[in-house]
Amino acid sequence: MAKVLLRDLNKTYDGVHAVKDVNLEIRDREFVVLVGPSGCGKTTTLRMVAGLEEISSGEISIDGRVVNDLAPMDRDIAMVFQNYALYPHMSVYDNMAFGLRMRKFDKPEVESRVRRSAEILGIQALLERKPRQLSGGQRQRVALGRAIVRNPRVFLFDEPLSNLDAALRVQMRVELKRLHDRLETTAIYVTHDQVEAMTLGDRVVVMKDGVVQQEGEPLELYGRPVNRFVASFIGSPAMNFAEVSIAEAGGALWAETGGLRVKVPPAKAEALRRHAGRHVVLGVRPEALRIAGGADSAEYAFDSVVEVVEPLGNEILLDVRAGANAMVARVDPATRVKVHEKVRLAFDPERLHFFDPGSEAAI
Amino acid sequence: MIEGAKWKKWLWFYLPMGMFILGLLFPFYWMAVTTVRPDRELYRPWNHPLYSPFWTTHPTFDHIKNLLQETLFDRWMWNTMLIALAATLISLLCGVIGGYALARLRFRWAGLLGTAIFVTYLVPQTLLFIPLADIIRDYHIGDTPWALILTYPTFLIPFCTWLMMGYFKTIPKELEECARIDGATRWQAMLYIVFPIAVPGILSAGIFAFTLSWNEFIYALVFLSSPEQKTVPVGVVSELIRGDVFFWGPLMAGALIGSIPVAIVYSFFVEYYVAGVTGSVKG
């Protein structure tokens, strides 16, 4: 149970500025996910919290105590590594007991704690085995067991699921979430997988090039991305982007590009008026597009040609082309369309995003 | 393998392998046969009707008896064992610690130091023994076991350090990091996690160092002079070749018995040794 505070955190090594002025407050019992493409500084940030990397400047405190100069062992944290880092020469039991023995717990206490953690994770039957005799999922569980057995103040996870196959990853994701609900320990989780980030995190922090782009609850990031990077990184299939020019006609603003002309919704009109006559980037998520029906206003609809149909069962993804713009629409599985067919698509005006082409910030 | 390709396996695998084994083992066979061959057969000219270089019909232990009774062979064995073990221990200790530092600690000149250590290994012994002889004279340790115990590490330590550095690099550093988060100091992480995992590497470095010291010739020849201080390779050669007379029987008996300890060491640790040289840690 602990609050973790990162203040103006920086890391430079070999002339690379890997983490830039990161400020983050992680509340007690919160599950925070750092997500971003590789090389965005998320793992370095985590390793600084763990004490495995020196802090170039800034401050990290756990429960109000600055830990900058504390050795990893004195921070009362536990970390799960991407490759599990199980001690290959020790049995599962000894792997889990190692941290307790190092901290001079007496024997019965070690035994009861290891048994209890093994029970929580369902690995009681594996305690005598060596790590090489375990499957990937079992190793993952042992690595988790080694972390929870000490009952630390903070859990750190460094891409713990990325070595598992897809099906197992989904299963372990659910188990991790259940585990966190049960243990109520503050957790910081690093991943490059946005689905993992969205499903696990109470709060998600998107990073790029060492800079925090946006932090917030998963649906807030999804619904109101602050810039084009966050908009494209969160969500699958990714948001559609089209460069449009803003023109004023008949008292309303219109976003235009070859083959596409839509009205700027009134909610955005005020902010976009400054951009009249200039280019901006229009963003629309695949599920904000639908096959236009009679009730749809012509102001938010456009014609397109279907290029690829991807029937996924619960939905159909249509890769369409409207003029020069390629877009993906997520439509109802009952829709019957064929390749090369013309379809008329409609926007949900509430869910249009506009971004400044220079700064990429949301307008 | 496909059934019809069996002869191919014979041709490309078993045949070359057989020739290879034959070539490798022949010297040992020759050594063994000469050891038990009586003198009158040994010095028989090649055109003698009973000339049989590859076998003997009257095996004898005379040469071994001669070796043990007429020379200080047991003393040489003891010297060699002592010197090889002591030099190996010193070199392993330095090599393991040095290799760990070069593989793990990030300090200035680490890369340069690693290369420098390797370069010292490349300086040939035939060149080094001249300045080393000076040093040994200055410290008055000539003709004592110390002359070799302290000079063998000059080539063993670079060797062990490099081998161990390579091995430590194959051990994921997350293991240590995890141990340090678990509550171990760097020393404890080394002691409880890294060293136990590095046992195959340490053993193979040890075997190599032991073999190199056991077989070493030049330093032993130069730094030792009295017969009772000599090691097996030097003793056998200097005491059993007198002028241009070669006592082939005892000479081969000495070589055969002298190679037994090394063979035993290898056969015991061969699995570790292979794992150590190929370097494989499964997480």
Side-chain angles (χ1 to χ4, degrees), chain A residues 13-14 43 46-47 49-54 70-90 94-105 110 130-134 136 139-140 142-143 145-147 149-150 152-160 163, chain B residues 96 100-112 114 164 166-206 269 271-276 278-283:
Chain A
Y13 49 82
D14 304 335
T43 295
L46 190 78
R47 289 172 58 86
V49 176
L52 298 172
E53 297 280 350
E54 272 182 47
L70 278 189
M73 57 184 285
D74 298 322
R75 297 188 182 196
D76 200 10
I77 50 171
M79 186 156 168
V80 177
F81 292 84
Q82 178 173 2
N83 60 5
Y84 320 135
L86 299 180
Y87 311 132
H89 58 301
M90 294 185 188
D94 291 333
N95 260 283
M96 289 170 72
F98 182 77
L100 299 173
R101 287 180 182 148
M102 284 286 114
R103 283 160 208 272
K104 307 262 185 288
F105 280 78
V110 171
K130 288 279 175 65
R132 64 170 174 277
Q133 298 167 300
L134 303 177
R139 287 181 200 189
Q140 179 64 70
V142 175
R146 198 170 51 177
V149 74
R150 276 203 346 258
R153 289 192 297 180
V154 185
F155 282 136
L156 305 177
F157 297 98
D158 185 11
E159 310 222 9
N163 280 7
Chain B
V96 166
Y100 179 85
L102 287 174
R104 279 290 195 271
L105 307 184
R106 272 190 261 160
F107 57 94
R108 260 181 90 151
W109 312 121
L112 196 73
M164 289 318 298
Y167 199 83
F168 284 133
K169 279 184 177 167
T170 66
I171 300 176
K173 69 179 192 317
E174 284 87 353
L175 288 178
E176 258 170 284
E177 292 176 345
C178 194
R180 286 173 61 206
I181 290 175
D182 263 352
T185 60
R186 192 180 263 281
W187 278 104
Q188 284 173 320
M190 270 168 73
L191 202 63
Y192 294 125
I193 306 297
V194 181
F195 289 172
I197 298 171
V199 163
I202 295 172
L203 274 180
S204 56
F269 296 116
E271 277 172 31
Y272 283 112
Y273 172 72
V274 172
T278 52
S280 53
V281 178
K282 296 274 155 62

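Numbers restart at 1 for each chain; the letters A, B, ... are given by sequence-line order, proteins then strands. Owing to the predicted nature of the structure, the values given are computational and were not obtained by experimental measurement.
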In Å and rounded to the nearest 0.5 Å, what is the CG to CZ distance from A:L52 to B:R180? 6.5 Å

Please look at A:A78 and chain B and tell me whether the side chain, the backbone, both or neither of the residue comes under 4.5 angstrom of a heavy atom of that chain. backbone

Inspect the surroundings of CD in A:Q133 and state if more than 12 heavy atoms from other residues, nucleotides or ligands are less than 6.0 Å away. yes

Side-chain donor-acceptor pair under 3.5 Å between A:Y87 and B:D182, yes or no? yes

Please test B:E174 against A:Q82 for side chain to side chain contact (heavy atoms under 4.5 Å, CB included), starting from the C-alpha separation and ending with a verdict. CA-CA 9 Å; B:E174 284 87 353; A:Q82 178 173 2; over 6 Å; no

Side-chain touch B:E177/A:R47, heavy atoms, less than 4.5 angstrom: yes

Does any backbone or side-chain atom of A:R101 lie under 4.5 Å from a heavy atom of chain B? Answer side chain, backbone, both or neither. neither

For the student: nearest non-hydrogen atoms of A:R103 and B:I181, plus distance: NH2-O, 2.9 Å

Mark yes or no for whether A:H89, through its side chain, and B:Y192, through its backbone, hold a donor-acceptor pair below 3.5 Å. yes

Yes or no on side chain to side chain contact (heavy atoms under 4.5 Å, CB included) for B:I193 and A:F98, after CA distance, side-chain angles and deciding distance? CA-CA 10 Å; B:I193 306 297; A:F98 182 77; 3.9 Å; yes

Which atoms of B:Q188 come close to chain A, meaning under 4.5 Å heavy atom to heavy atom: side chain ones, backbone ones, both, or neither? side chain

For residues A:M73 and B:A184, report the shortest heavy-atom separation together with the two atoms involved. SD-O, 3.8 Å

B:C178 versus A:R146, closest heavy-atom pair with distance: SG-NH2, 3.1 Å

